[in-house]
Number of protein chains: 2
Amino acid sequence: MLKSKVNVQEKRGQDTKERIIAAAIDLFSQEGYTGASIRDITGAVGIKESSLYHYFSSKQEIIEIIYASFKNALALERQAHESIPTVIKPYDSYLLLQNNLIFLKKMFDKPFMRKVYRVISMERYRDKQAFEIMSYDIYQSIAATHEIMFKKMIAAGIMKPLLDPDILSIEYTYAVMGIFGDYNILKYYEKSTTAIEDLMFEYVKFFWDRVKNI
Amino acid sequence: MLKSKVNVQEKRGQDTKERIIAAAIDLFSQEGYTGASIRDITGAVGIKESSLYHYFSSKQEIIEIIYASFKNALALERQAHESIPTVIKPYDSYLLLQNNLIFLKKMFDKPFMRKVYRVISMERYRDKQAFEIMSYDIYQSIAATHEIMFKKMIAAGIMKPLLDPDILSIEYTYAVMGIFGDYNILKYYEKSTTAIEDLMFEYVKFFWDRVKNI
DNA sequence: GTCTATAGGATGATAGAC
DNA sequence: GTCTATCATCCTATAGAC
């Protein structure tokens with residue numbers, strides 16, 4: 001009896017903690033880290049500022065937990081994607097490229113990922129941690145995946161062999177991520193995203209037509 | 001006599017106004033608009049907060065003047081660049097591409113341009129004006145220049161005729177501007193920029209080798 | 001685990017003397 | 001054109017009651 005009561009309290013506490021994080025993600029992604037205050041966060045949750053400090057020692061700790069959780073989510077997504085066996089065949093290699101784009105789009109369309117990606121995009125100029133996540137955990141990791149894919153395609157004889165897969169993956173990653181970035185911003189300004197979504201897939205087609213063998 | 005004294009005062013006033021703008025650009029580019037306070041700005045200039053309000057009615061007015069001045073500088077740079085007559089010849093078209101990159105690099109390497117570009121990169125998520133400058137005055141304008149260049153190259157028979165110059169310019173602009181963005185961030189973190197500067201020119205070579213006719 | 005109360009300082013902006 | 005003085009509000013964070 002007593003124990004179950006304690007559990008309920010713990011659960012409610014856990015719930016408050018998660019609601020604080022959720023509100024912080026919402027507000028940081030809208031106003032930036034500096035622009036969103038502890039008052040804003042606790043106001044959104046419906047608790048007093050002092051209650052927040054029962055769960056977190058500082059504002060900085062909150063953003064660091066968010067970053068850590070994002071890095072973890074990124075690693076899990078990558079793992080899930082890599083576990084899918086990809087046998088490259090000439091007739092479906094354009095599909096492979098498309099599927100890779102759809103995977104990226106789906107990943108960054110998840111509310112948590114999109115919001116935190118936005119926070120990192122904003123903060124990377126001032127916050128070294130955000131800068132490093134953007135550089136290493138996002139860009140370099142995605143570029144590496146692309147490079148491996150291109151190398152396999154070249155080995156399979158379906159991509160032009162004279163292309164340097166290293167710099168090709170850099171080009172492709174900058175282009176795709178640039179389009180994603182704009183897509184993400186447009187969504188926040190509640191503007192139409194159909195044109196940029198079309199561009200995404202148009203670009204993949206354009207890219208493929210130029211790199212395919214024959 | 002009296003008149004010359006008035007002129008001196010006016011000049012000093014003008015000087016103060018410019019020093020405020022210069023300090024604001026420095027601080028906004030380092031800490032962001034929200035992160036840099038009026039106190040920070042006046043402290044850097046060596047005047048009191050109240051003195052700033054003799055020249056500007058609000059913090060917002062300062063950033064708007066900076067944005068307007070940046071847009072103006074961009075238009076002037078573009079004008080200067082376009083006034084150079086470009087006769088496309090097969091043997092120098094790679095040079096043309098290189099020169100275009102050097103023009104962009106030089107432009108964004110000017111302290112004023114680099115700092116304000118950074119402010120706009122940071123603020124475009126929250127500030128619609130910054131978003132529009134980034135989209136229209138920077139990206140779309142640069143992409144349009146690239147597209148014209150590519151069309152001329154195709155017409156001259158030195159670029160592959162089957163390439164769509166529209167989407168090709170989008171790809172090229174995203175890649176080049178992505179590299180510039182990273183270069184700009186690295187400079188602020190006082191990290192080495194030699195690798196990314198090399199990448200810039202390596203990329204142009206890679207790009208050219210793939211689009212040239214023959 | 002949540003509250004009231006408050007500390008101690010920063011913020012954007014104004015009034016008015018000189 | 002610059003200053004002193006000040007306002008009203010916001011900020012992060014803490015102490016301690018319940």
Side-chain angles (χ1 to χ4, degrees), chain A residues 1-28 30-66 119 122-123 126-127, chain B residues 2-28 30-67 119 122-123 126-127:
Chain A
M1 286 288 235
L2 202 88
K3 214 170 181 185
S4 99
K5 203 178 175 185
V6 167
N7 279 343
V8 168
Q9 279 188 332
E10 271 173 3
K11 246 194 182 144
R12 205 189 294 155
Q14 199 53 34
D15 189 57
T16 304
K17 193 168 184 178
E18 273 156 24
R19 277 163 62 216
I20 291 169
I21 292 281
I25 291 169
D26 274 340
L27 287 160
F28 288 158
Q30 282 159 29
E31 318 289 342
Y33 177 73
T34 322
S37 70
I38 296 288
R39 262 177 176 67
D40 292 334
I41 297 166
T42 54
V45 175
I47 55 165
K48 295 288 161 188
E49 294 100 289
S50 52
S51 300
L52 181 143
Y53 290 95
H54 176 72
Y55 300 99
F56 306 99
S57 67
S58 68
K59 194 184 174 185
Q60 187 60 31
E61 197 196 324
I62 298 174
I63 192 104
E64 273 169 23
I65 287 169
I66 294 170
V119 176
M122 294 164 96
E123 298 307 323
R126 285 171 286 178
D127 180 349
Chain B
L2 201 88
K3 215 173 180 185
S4 99
K5 203 179 176 185
V6 169
N7 280 343
V8 168
Q9 276 187 331
E10 271 172 6
K11 247 194 178 145
R12 206 190 293 154
Q14 200 52 35
D15 190 57
T16 304
K17 193 168 184 177
E18 273 155 24
R19 277 163 61 218
I20 291 168
I21 293 282
I25 291 169
D26 273 340
L27 287 160
F28 288 158
Q30 280 160 30
E31 318 289 342
Y33 177 74
T34 323
S37 70
I38 296 288
R39 266 176 174 72
D40 292 334
I41 296 166
T42 55
V45 175
I47 55 166
K48 293 290 160 185
E49 295 100 286
S50 51
S51 300
L52 181 142
Y53 289 96
H54 177 72
Y55 300 99
F56 307 98
S57 66
S58 67
K59 193 184 175 185
Q60 186 60 30
E61 197 196 325
I62 298 174
I63 192 105
E64 273 169 23
I65 287 169
I66 294 171
Y67 286 160
V119 177
M122 293 163 98
E123 299 305 324
R126 283 171 287 178
D127 180 349

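Naming: A, B, ... by sequence-line order, numbering from 1 per chain. Worth saying up front: this structure is predicted, and the values here are computed from it rather than measured.
Proximity of a side-chain donor or acceptor of Tyr33(A) to a complementary backbone N or O of Met122(A) within less than 3.5 Å is not detected.
Tyr53(B) has a side-chain polar atom (N or O) that falls below the 4.0 Å cut-off from OP1 or OP2 of dA13(C). Regarding contacts with the backbone of dC3(C), a side-chain N or O of Ser51(A) is found under 4.0 angstrom from either OP1 or OP2. Between Ser37(B) and dA10(C) there is no side-chain polar atom (N or O) within less than 4.0 angstrom of OP1 or OP2. Close to dA13(D), at under 4.0 Å from its OP1 or OP2, lies no side-chain N or O of Ser57(A). One finds no side-chain N or O of His54(B) lying less than 4.0 angstrom from the OP1 or OP2 phosphate oxygen of dT2(D).
Taking the side chain of Tyr55(B) as heavy atoms from C-beta on, and the options dG1(D), dA13(D), dT11(C), the nearest nucleotide is dG1(D). Taking the side chain of Ser58(B) as heavy atoms from C-beta on, and the options dA13(C), dC3(C), dC11(D), the nearest nucleotide is dA13(C). Listed nucleotides: dC3(D), dA13(C), dT12(D). Nearest to the side chain of Lys59(A): dT12(D).
Side-chain atoms of Ser50(B) and base atoms of dT4(D) include a donor and an acceptor less than 3.5 Å apart.
Ion pairing between a basic and an acidic side chain is recognised when a charged N comes within 4.0 Å of a carboxylate O; Glu49(B) and Arg39(B) show such pairing.
Between Leu52(A) and Val45(A), every side-chain heavy-atom pair lies at or beyond the 4.5 Å cut-off. Residues Ile66(A) and Val119(A) fail the side-chain proximity criterion, which asks for heavy atoms closer than 4.5 Å.
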